[in-house]
2 protein chains.
Amino acid sequence: MGTMARKKSAKKELILKTAAAMFREKGFAASSMRDLAEKIGIEAASLYNHIQSKAQILEEIIDGVSDECQLHLDNLEKSKSTALEKIESLIRFHTKMMMNRFEEYSVMVSQWMHLDGDKLLRFATNRRDYVRRMEAIVESGIQKGELKSLMPYVVVLNILSSVRGLEFWQRSAKTHTAQEMEDNMVVHLIGGIKR
Amino acid sequence: MGTMARKKSAKKELILKTAAAMFREKGFAASSMRDLAEKIGIEAASLYNHIQSKAQILEEIIDGVSDECQLHLDNLEKSKSTALEKIESLIRFHTKMMMNRFEEYSVMVSQWMHLDGDKLLRFATNRRDYVRRMEAIVESGIQKGELKSLMPYVVVLNILSSVRGLEFWQRSAKTHTAQEMEDNMVVHLIGGIKR
DNA sequence: CCTACCGATCGGTAGG
DNA sequence: CCTACCGATCGGTAGG
């Protein structure tokens, strides 16, 4: 945020948004720049006035979501909440991210392996680090007797994977609200670790 | 099983196995027939003496795993176990499938959208049906008071998604055994629904 | 933002 | 199982 932030043109935002929807649906490799251009209503060559490469589009989509996740965890670690409260906050945060920024979040969790070179390495490192920091929260909860003695890695993997699974939730089938989904996620995943 | 079953040549099995590893790692679209052939040690054109198309390779990999899942659920529905026992059986079965048939199972859950035409439609229908049958088991457990009153859809999604997440478990890092992982999955996911 | 076009690579076939 | 090759499509650039 802030006016100092590098401002993206409306057209570039449109390209990123459209590409995210496409990458999520068909996968990065199966998405062509020609199809992307067509959906936006310009020629493929014209895309390159706004972006440098197909790879860069993927990077920007993923970095946007990834940075937000990092920021949330940074703040959470500074808070004085209990481990249980922190884990609930993580479940609710990721669930909301998945629902509010559906395309971008889905692309991050399902297309990151198509990043190339140093970007791939950096993402993998960040991801591993993020998981370890979540594990540390679980570990401290076990130590304090708030949580059952479970392998922190499994708990973290189950939480992040469950959120990811929401990709397949048909929000169009209006049988349940997003809030109901989120609350049920919390009851199931927190219920399984609370002592 | 059985000698009447259509026998696949050893070479075809090798192609399917190698392709599964490749599809899982790079994705279906980003995997080329030339790379596949090279890994096997033949020319790309020679692959077509054993398989009909790239699409058919994906179909056979997915059908193999999918059929096994269907069969397990068929048998489970006929059993006299409680809902809780059935759900535990499903968690253990899928976890074992993910670990024992890592490449094929991963390809099924992450590459099915690259099936084309009627195969895609059939898989999506089967998948939806499978989820509904799992939901029915959860629903009956809630009705009988074995389980908390949770949305069955969320419970099923969390279970299947958590198993899927095991794709990222580094089995090479021998800090935990497969059995420990499986047991922890059960404690977390069953613990969250048991009344 | 477009037309015109590049070299590379794709899945797959013909013919032996 | 190979050599030789097809038409299609890819990401991207030159030049305006």
Side-chain angles (χ1 to χ4, degrees), chain A residues 7-63 107 110-120 123, chain B residues 7-63 107 110-120 123:
Chain A
K7 197 183 164 193
K8 285 171 185 164
S9 73
K11 203 50 164 280
K12 179 161 181 180
E13 291 289 2
L14 178 63
I15 291 173
L16 294 180
K17 180 77 183 159
T18 309
M22 212 173 159
F23 292 170
R24 186 200 69 79
E25 206 186 314
K26 318 206 295 175
F28 178 73
S31 301
S32 80
M33 297 300 273
R34 283 162 175 81
D35 282 353
L36 174 58
E38 192 177 20
K39 279 195 180 160
I40 292 173
I42 58 176
E43 290 301 315
S46 305
L47 289 170
Y48 293 87
N49 289 309
H50 302 96
I51 52 98
Q52 294 165 33
S53 66
K54 187 184 178 187
Q56 189 211 9
I57 295 178
L58 183 64
E59 288 159 28
E60 295 209 17
I61 291 167
I62 291 178
D63 283 351
V107 166
S110 73
Q111 304 296 316
W112 61 268
M113 62 286 292
H114 296 285
L115 290 167
D116 54 21
D118 51 322
K119 308 300 177 107
L120 176 59
F123 180 87
Chain B
K7 199 184 165 194
K8 284 173 186 163
S9 74
K11 203 50 165 282
K12 179 163 182 180
E13 291 290 1
L14 178 62
I15 292 172
L16 293 181
K17 179 77 183 159
T18 310
M22 210 173 161
F23 292 171
R24 186 200 70 78
E25 207 186 316
K26 317 207 295 176
F28 178 74
S31 301
S32 80
M33 296 300 274
R34 282 163 176 80
D35 283 351
L36 175 58
E38 192 178 20
K39 278 195 182 161
I40 292 172
I42 59 177
E43 291 301 315
S46 305
L47 288 170
Y48 293 87
N49 290 309
H50 302 96
I51 50 97
Q52 293 165 32
S53 66
K54 187 184 178 188
Q56 189 211 9
I57 295 178
L58 182 64
E59 287 159 29
E60 294 209 19
I61 291 168
I62 290 178
D63 282 351
V107 167
S110 73
Q111 303 296 318
W112 61 267
M113 62 285 294
H114 294 285
L115 290 167
D116 53 20
D118 50 322
K119 309 299 177 106
L120 175 59
F123 180 87

task = Find the runs of at least 3 consecutive base pairs, i with j, i+1 with j-1 and so on, that include DNA chain D, using Watson-Crick or G-U wobble geometry with both distances under 3.5 Å.
result =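 Consecutive-pair runs (3 or more) involving DNA chain D: C:1-16 with D:1-16.
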query = In residues 11-22 of chain B, what residues come within less than 4.0 Å of DNA chain C, judged by heavy atoms?
reply =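 Under 4.0 Å from DNA chain C: no residue of residues 11-22 of chain B.
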Set of side-chain hydrogen bond (donor to acceptor under 3.5 Å, both in side chains) partners for [X], sequence neighbours left out:
X       : answer
A:Gln56 : A:Glu60
B:Lys17 : B:Glu103
B:Lys54 : none

ask   = If we only count heavy atoms from C-beta on, is the A:Ile57 to A:Leu47 side-chain gap below 4.5 Å?
value =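 No. Closest side-chain heavy atoms not under 4.5 Å.
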ask   = Would you say A:Ile40 and A:Lys11 make side-chain contact, with heavy atoms under 4.5 Å?
value = yes
query = Along nucleotides 4-16 of chain D, 5' to 3', which nucleotides get a B, which get an S, and which get a -, given that the test is a protein heavy-atom distance under 4.0 Å?
reply = ------BBBB---
Set of residues satisfying side-chain contact (heavy atoms from CB on, under 4.5 Å) with respect to B:Asp35, sequence neighbours excluded =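 Counting only residues at least two positions away or on another chain, B:Asp35 forms a side-chain contact (heavy atoms from CB on, under 4.5 Å) with B:Met22, B:Lys26, B:Ser32, B:Glu38.
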request  = Check side-chain contact (heavy atoms from CB on, under 4.5 Å) between A:Ala45 and all other residues, then give those that pass, not counting sequence neighbours.
outcome  = none
request  = Of all the heavy-atom pairs spanning B:Ala55 and B:Asp116, show the shortest one and how long it is.
outcome  =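 Shortest heavy-atom separation between B:Ala55 and B:Asp116 comes out as CB-OD2, 3.8 Å.
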request  = For B:His50, enumerate each residue passing the ring pair (Phe, Tyr, Trp, His ring centres under 6.0 Å) test, keeping only those at least two apart in sequence or located in another chain.
outcome  =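 Ring pair (Phe, Tyr, Trp, His ring centres under 6.0 Å) list for B:His50, sorted by chain: empty.
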inquiry  = Test: ring-ring contact (aromatic ring centres under 6.0 Å, His included). Region: residues 8-35 of chain B. Which pairs qualify, not counting sequence neighbours?
reply    = B:Phe23-B:Phe28, B:Phe28-B:His114
